[in-house]
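Presented below is the structure to which this report refers.
Note that these values count all heavy atoms, side chains included, but never hydrogens, waters or copies made by symmetry.
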Amino acid sequence: MTYTALYRKWRPAGFEDVKGQDHIVQTLKNQIESGRIGHAYLFCGTRGTGKTSIAKIFARAVNCEESADKSPCGQCRMCRNIAAGSSLNVVEIDAASNNGVENIRDIREQVQYPPTEGRYRVYIIDEVHMLSTGAFNALLKTLEEPPSYVIFILATTEVHRIPVTVLSRCQRYDFKRISVATILDRLKELAKVEKIEAEEKALTYIARAADGAMRDALSLLDQCVAFHFGEKLTYDHVLDILGAVDTGIFSRMFRAVVQQNTAECIYLVEELVIQGREMGQFVTDFIWYMRNLLVVQTTDNAEDLLDMSAENRKALEEDAQLTDGENLMRYIRVFSELSNQIRYASQKRILIELAFIRLTKPQMEHDYDSIIERLNRIEEQMEEGAFPNPLPINHMPSLQAGTANTVIINTDVKAAASEGTGDYRSAPQQVTLPKGQLEDLQLIRNQWGKIVRALGGVIRSSFRDTIVEPSGDSCLCVVFTNVDNYEIGRRPTIMGELETYVKNTYGKDIYFKTRLLGSGERMDTIYVSDDELKDHIHMDITIEDDIG
């Protein structure tokens with residue numbers, strides 16, 4: 001017996017077999033039941049979503065002699081003749097190859113004659129957007145005033161190419177992409193009937209690769225089963241046949257990009273080439289991977305938006321913490337440009353390698369996104385001590401007046417001023433703090449850059465030039481150098497968010513307040529503990545109760 005492809009063998013025979021288009025099926029069944037059948041329908045949507053299948057089912061349903069549930073019975077003479085293609089009542093035309101005026105004129109002549117059997121003559125014109133301008137004009141009159149026994153069903157994947165004059169004469173139905181879950185359920189059902197042994201992970205990948213098209217999913221399954229005939233269809237088999245990439249490679253690739261490891265990126269690309277992976281598909285999948293990272297970063301209910309296992313989602317959340325949203329959007333833009341370029345390129349590998357060089361070497365580019373990323377990296381390096389800082393950021397203004405247990409060491413400063421041997425302002429003050437206050441201050445100062453980056457949003461932009469100073473037990477003061485930033489940062493909601501983050505991350509109940517840096521105020525005060533003071537300074541210590 002001649003083998004029949006799965007997508008043909010399992011084409012829906014009735015409305016109940018159609019998957020993922022319930023809104024259209026129910027509307028058509030209601031029209032049949034109420035007798036309010038239109039004369040012209042326009043089915044539009046992506047490939048493989050059931051446009052032609054539903055058109056044929058509808059043609060049988062309106063002519064079925066024994067239909068009980070408004071779906072064709074499949075047993076009566078009319079249903080059998082239409083299904084076999086021997087009925088003159090249903091005419092299917094491929095507009096891609098029959099797009100001339102003369103083809104439409106033939107239809108206009110045929111519709112003058114009522115059906116010899118059944119109730120309706122149904123004309124299904126597939127890929128109707130391929131008709132010429134003259135053919136569309138010839139079709140207009142017939143569409144506007146057809147005989148009562150004629151139904152036109154126009155199907156297209158490019159509805160924007162249909163003239164408005166035609167659109168206005170049709171009932172339009174938009175076919176949605178079929179969800180991965182719906183396609184997966186259908187694949188499991190067919191695999192069981194066809195006695196195909198397959199891993200669920202393999203079927204899931206096929207469903208995802210079908211991109212919302214049931215026909216594509218069945219064709220891919222047919223291809224995979226044929227290649228590994230007699231074997232259990234595994235996830236690795238599917239990757240080999242489709243030239244796809246295991247999701248684990250995306251994590252390795254992304255980490256190499258974040259670490260600016262250009263060589264590792266190129267090695268991984270070479271590995272994919274050697275394995276025979278389809279490079280265009282890799283680019284598309286990597287864009288989706290980065291999109292998922294951005295979703296994890298920017299939404300609170302990412303699990304509802306990501307169709308993946310809890311294990312993969314956890315790994316995704318770990319990768320999402322490696323960089324911020326600005327860099328991710330830049331990466332996505334670079335690869336989106338690459339996706340457009342690579343489609344017709346002969347040297348796909350080189351274009352992909354160039355894209356990774358752009359990601360890992362932003363200093364080689366001069367666009368806005370690259371400059372922002374370079375500045376962010378410089379900030380991170382400075383915060384980690386990679387560059388010498390002539391004015392250390394932890395040399396803060398002195399304590400506010402009246403702070404308890406404060407010791408001012410100013411002997412050298414006063415001596416320098418009185419003897420005229422140096423500039424009074426050139427010697428920084430040293431201030432001692434209780435051990436607990438000093439520990440809190442040092443912890444927050446050491447982590448300040450990371451805290452600001454982690455909070456992100458308005459805090460990251462307005463806290464960029466802030467410094468932290470002590471302000472009593474379990475209290476720190478954020479000092480702003482810019483008036484506008486101060487007005488933003490001093491809001492109670494901002495301070496509350498900062499305090500909550502410090503509490504959750506470091507387990508410290510620290511109260512934060514704010515102030516604006518005064519004109520000419522010193523920024524080089526050194527804070528030390530009593531023990532450090534006694535160990536390193538061998539001179540009389542003057543204790544001042546009040547600081548003027």
Where the side chain of [X] meets the backbone of [Y], is there a donor-acceptor pair that is under 3.5 Å apart?
| X | Y | answer |
| --- | --- | --- |
| Glu200 | Lys188 | no |
| Ser86 | Asn81 | yes |
| Thr46 | Arg177 | no |
| Arg60 | Ala13 | yes |
| Lys348 | Gly280 | no |
| Arg121 | Asn89 | no |
| Asn103 | Asp106 | no |
| Glu278 | Gln281 | yes |

Which residues share a side-chain contact (heavy atoms from CB on, under 4.5 Å) with [X], sequence neighbours left out:
| X | value |
| --- | --- |
| Leu351 | Leu338, Gln341, Ala345 |
| Asp22 | none |
| Lys232 | Glu197, Glu199 |
| Tyr113 | none |

Tell me, yes or no, whether the heavy-atom count around [X] atom [atom1], taken from other residues, nucleotides or ligands under 6.0 Å, exceeds 12.
| X | atom1 | result |
| --- | --- | --- |
| Leu88 | CG | no |
| Arg291 | CZ | yes |
| Arg105 | CZ | no |

Would you be so kind as to tabulate the donor-acceptor pairs closer than 3.5 Å made by side chains of residues 133-146, with sequence neighbours excluded?
| unit_1 | atom_1 | unit_2 | atom_2 | d |
| --- | --- | --- | --- | --- |
| Asn137 | ND2 | Thr133 | O | 3.3 |
| Glu144 | OE1 | Arg169 | NH2 | 3.3 |

Inter-residue atom distance [X].[atom1] - [Y].[atom2], 0.5 Å rounding:
| X | Y | atom1 | atom2 | result |
| --- | --- | --- | --- | --- |
| Leu187 | Leu233 | CG | CG | 10.5 Å |
| Phe335 | Ile342 | CZ | CD1 | 8.5 Å |
| Arg161 | Leu131 | CZ | CG | 10.5 Å |
| Gln171 | Ile153 | CD | CD1 | 10.5 Å |
| Glu337 | Ile332 | CD | CD1 | 12.5 Å |
| Tyr501 | Ile459 | OH | CD1 | 10.5 Å |

Minimum heavy-atom distance between [X] and [Y], given as atom pair plus value:
| X | Y | answer |
| --- | --- | --- |
| Ala95 | Glu127 | CB-O, 3.2 Å |
| Pro12 | Ser53 | CD-OG, 3.9 Å |
| Ile178 | Lys19 | CD1-O, 3.7 Å |
| Met214 | Thr182 | CE-O, 4.4 Å |
| Cys224 | Ile206 | SG-CD1, 4.2 Å |
| Leu218 | Tyr7 | CD1-CA, 3.6 Å |

Query - Salt-bridge criterion met for Glu353 and Arg349 (N-O under 4.0 Å) - result: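 Yes.
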Requested in this report: For the pair Arg186 and Glu189, find out whether any cationic side-chain nitrogen is under 4.0 Å from an anionic carboxylate oxygen.
Outcome: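 Salt bridge: yes.
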Please report, to 0.1 Å, the donor-acceptor pairs under 3.5 Å made by any side chain of residues 266-273, with sequence neighbours excluded.
none

Residues two or more places apart in sequence or in another chain: which of them pass salt bridge (Lys or Arg N to Asp or Glu O under 4.0 Å) with [X]?
| X | answer |
| --- | --- |
| Glu92 | Lys56 |
| Lys176 | none |
| Arg255 | Asp319 |

Report task. Could you name each residue pair satisfying side chain to side chain donor-acceptor pair (under 3.5 Å) that touches residues 147-156, not counting sequence neighbours? Result ->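 Pairs touching residues 147-156 that pass the test: His129-Thr156.
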Requested in this report: Among residues two or more places apart or on two chains, list those pairs meeting side chain to side chain donor-acceptor pair (under 3.5 Å) that have a residue in residues 212-222.
Outcome: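 Checked against side chain to side chain donor-acceptor pair (under 3.5 Å) - neighbours excluded - the pairs reaching residues 212-222 are Tyr3-Asp222, Arg47-Asp216.
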**Report entry** Ring centroid separation Phe356 to Tyr331 under 6.0 Å
**Finding:**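 Ring-ring flag for Phe356/Tyr331: false, centres at least 6.0 Å apart.
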Query raised in the report: With sequence neighbours excluded, what pairs up with Gln110 under the side chain to side chain donor-acceptor pair (under 3.5 Å) test?
Result: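 With sequence neighbours excluded, Gln110 shows a side chain to side chain donor-acceptor pair (under 3.5 Å) to Tyr123, given in chain and number order.
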